[in-house]
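Report on one structure; see the data block that follows.
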Amino acid sequence: MFGKRGKDGFGRVEDTAVQTPPLAPELEMEKAPEEAPPAPEPAPMSSNTPIAPGGNRPEKKRASKKSDNYYTTKSQVFSALIDTIDLSQLSKLDNESAREEIRDIVNDIITIKNFAMSISEQEELLEDICNDVLGYGPLEPLLARDEIADIMINGSGTSYIEVNGKVEETDVRFRDESQLLSICQRIVSQVGRRVDESSPICDARLPDGSRVNVIAPPLAIDGTALTIRKFKKDKLTLDQLVNFGSITEAGATILQIIGRVRCNVVISGGTGSGKTTLLNCLTRYIDETERVITCEDSAELQLQQPHVVRLETRPPNIEGEGEVTMRDLVKNCLRMRPERIIVGEVRGPEVFDLLQAMNTGHDGSMGTIHSNSPRECLSRIESMIAMGGYSLPAKTVREIIAGSVDVIIQAARLRDGSRRITHITEVTGMEGDVIITQDLMTFDIDGEDANGNIIGRHMSTGIGRPHFWERARYFNEERRLAEAIDSMEQTGA
Ligand SMILES: Nc1ncnc2c1ncn2[C@@H]1O[C@H](COP(=O)(O)OP(=O)(O)OP(=O)(O)O)[C@@H](O)[C@H]1O
Ligand SMILES: [Mg+2]
């Protein structure tokens, strides 16, 4: 049904069958012991080789080098498959049936062309080919690895991943620029978008929720750049952050209380520092009875409460129309009787609407902002308000900020790859023209161990009662708060 020539048509393929040398010895490389001699460099065919979970560099080398023969055979099987199969028909099938169809045809090709392969080699080849035809080609094995946080493809020949906070190069390659671009196209077409020379920048999402950005030539000078923030199904919890050393138990308790007692919170941090993760953690402590509205560019938050409305922005369509911005969403939110508004990422003038929400009865609203310290976060808010075209005096703007934001939580990815919560800072008011803050907790760096890991401690700054004490009392949390603060080590103590 799906063959251009029908499966029986393979009889004709046989006439031109190429006898290829057996693959077995080269493919065995992948199972070879550590000291085995290195395999020859793979031909520039897709090298979608599974890399051992948590694989370090030596393992990666061993696992990802396939022989020239493998790629030659794959290339021949692939060409025969493309000649045989009708891709437009195939796209009408669900994934399972399409895989079955490809499996049947590839098995036929292997038999007819007389490629000598073991069952496991054949399985691997099938998997690779299915990934190329149906999935995301060489990206598939990276997408399958849960421990990868980011995938960064810099043109067809270079790719990096982030694992455990560290960025490392992988051997994953694309056949050429056109294979990479067509995979990007496949990804973005799922959200009704297009990426090519005339529209070279595109944000999209994979079906599993992973966030995707593509920027194509001529803007990306050395080839299409594809960046994926993998979606973690099981979001990290505060307990896990404590286990990782990102925060102490006492610090985590303070964060829980901040989440519960409806402080207005801004989470500040650099790219990939863990802002969204932290926001998600805080939302766990929101009371079940509260009506929460979330606004995000790409739905990442996973609120557990029953009364949640999730909103997502929309980029403009191919004609440049239909865009719905974060500001539109936040404004609309205010008409939806929210008790709390959660903004995934505050980037522009919507900050003003969020601040207004914060000081007009929507206590406990939260958002994240890209900035490297609580102080910088405050000036970013100021400049974002200016971006909205408001010509308010600086002092008025600062008063609005000081009157709206209660707590800034700073997240950071340190140079050893670890992610830490480096500040819990309260915004306490104004003195003259200046916003006054006080740190409840900071992460003090003592130095580095022999392996380059940062040694540091989370310390209390010795403030007996935080500014939100009364609020905590109102929610009957003052005792827990006092205990948490008392149990923290004090700076200079
Ligand atoms: N404390 C932590 N310890 C270990 N891994 C973490 C920690 N916090 C976050 N991560 C992981 O780091 C990655 C990035 O986290 P997250 O998406 O929360 O960062 P972000 O600051 O929101 O990034 P972006 O600026 O791109 O929005 C995720 O894979 C997440 O699981
Ligand atoms: Mg984020």
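We count ligands from 1, going down the list as the structure has it; atoms in each ligand are counted the same way. Just so you know, residue 1 is the first one in the sequence shown, and it goes up from there.
- Pairs engaging residues 275-286 under the side chain to side chain donor-acceptor pair (under 3.5 Å) rule: none recorded [sequence neighbours left out].
- Ion pairing between a basic and an acidic side chain is recognised when a charged N comes within 4.0 Å of a carboxylate O; Arg473 and Glu470 show such pairing.
- For Asn154, the side-chain contact (heavy atoms from CB on, under 4.5 Å) partners two or more places apart in sequence, or in a different chain, are Met152, Thr158, Tyr160.
- Residues Glu288 and Gln305 bring no donor and acceptor atom of their side chains to less than 3.5 Å of each other.
- Of all protein N/O/S atoms, those lying under 2.8 Å from the Mg ion (ligand 2) come to 1.
- A salt bridge does not link Asp287 with Arg262: every distance from a Lys NZ or Arg NE/NH1/NH2 to an Asp or Glu carboxylate oxygen is 4.0 Å or more.
- The pair Arg211-Glu296 does not count as a salt bridge, with every side-chain nitrogen at least 4.0 angstrom from each carboxylate oxygen.
- Annotation for Phe231 and Ala299: closest pair CE1-O, 4.0 Å, computed over non-hydrogen atoms.
- In summary, the side chains of Glu399 and Thr396 do not present any donor paired with an acceptor at a separation below 3.5 Å, with no hydrogens or angles considered.
- Between Arg314 and Glu323, no side-chain nitrogen of the basic residue sits less than 4.0 Å from a carboxylate oxygen of the acidic one, so the salt-bridge criterion is not met.
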Are there any protein N or O atoms under 3.5 Å from the N or O atoms of ligand 1? List them with distances, or say none.
{"residue": "ligand 1", "atom": "1 (N)", "partner": "Ser246", "partner atom": "OG", "Å": "2.7"}
{"residue": "ligand 1", "atom": "12 (O)", "partner": "Arg419", "partner atom": "NE", "Å": "3.3"}
{"residue": "ligand 1", "atom": "12 (O)", "partner": "Arg419", "partner atom": "NH1", "Å": "3.2"}
{"residue": "ligand 1", "atom": "12 (O)", "partner": "Arg419", "partner atom": "NH2", "Å": "3.4"}
{"residue": "ligand 1", "atom": "17 (O)", "partner": "Arg229", "partner atom": "NH1", "Å": "3.0"}
{"residue": "ligand 1", "atom": "18 (O)", "partner": "Thr276", "partner atom": "N", "Å": "3.3"}
{"residue": "ligand 1", "atom": "18 (O)", "partner": "Thr277", "partner atom": "N", "Å": "2.8"}
{"residue": "ligand 1", "atom": "18 (O)", "partner": "Thr277", "partner atom": "OG1", "Å": "2.5"}
{"residue": "ligand 1", "atom": "19 (O)", "partner": "Gly274", "partner atom": "N", "Å": "3.1"}
{"residue": "ligand 1", "atom": "21 (O)", "partner": "Ser273", "partner atom": "N", "Å": "3.1"}
{"residue": "ligand 1", "atom": "21 (O)", "partner": "Gly274", "partner atom": "N", "Å": "3.0"}
{"residue": "ligand 1", "atom": "21 (O)", "partner": "Lys275", "partner atom": "N", "Å": "2.9"}
{"residue": "ligand 1", "atom": "21 (O)", "partner": "Lys275", "partner atom": "NZ", "Å": "2.8"}
{"residue": "ligand 1", "atom": "22 (O)", "partner": "Thr276", "partner atom": "N", "Å": "2.9"}
{"residue": "ligand 1", "atom": "22 (O)", "partner": "Thr276", "partner atom": "OG1", "Å": "2.6"}
{"residue": "ligand 1", "atom": "23 (O)", "partner": "Arg229", "partner atom": "NH1", "Å": "2.9"}
{"residue": "ligand 1", "atom": "23 (O)", "partner": "Gly272", "partner atom": "N", "Å": "3.1"}
{"residue": "ligand 1", "atom": "25 (O)", "partner": "Gly272", "partner atom": "N", "Å": "3.2"}
{"residue": "ligand 1", "atom": "25 (O)", "partner": "Lys275", "partner atom": "NZ", "Å": "2.8"}
{"residue": "ligand 1", "atom": "25 (O)", "partner": "His370", "partner atom": "NE2", "Å": "3.3"}
{"residue": "ligand 1", "atom": "26 (O)", "partner": "Arg211", "partner atom": "NH2", "Å": "2.9"}
{"residue": "ligand 1", "atom": "26 (O)", "partner": "Arg229", "partner atom": "NH1", "Å": "2.9"}
{"residue": "ligand 1", "atom": "26 (O)", "partner": "Arg229", "partner atom": "NH2", "Å": "3.4"}
{"residue": "ligand 1", "atom": "27 (O)", "partner": "Arg211", "partner atom": "NH1", "Å": "3.3"}

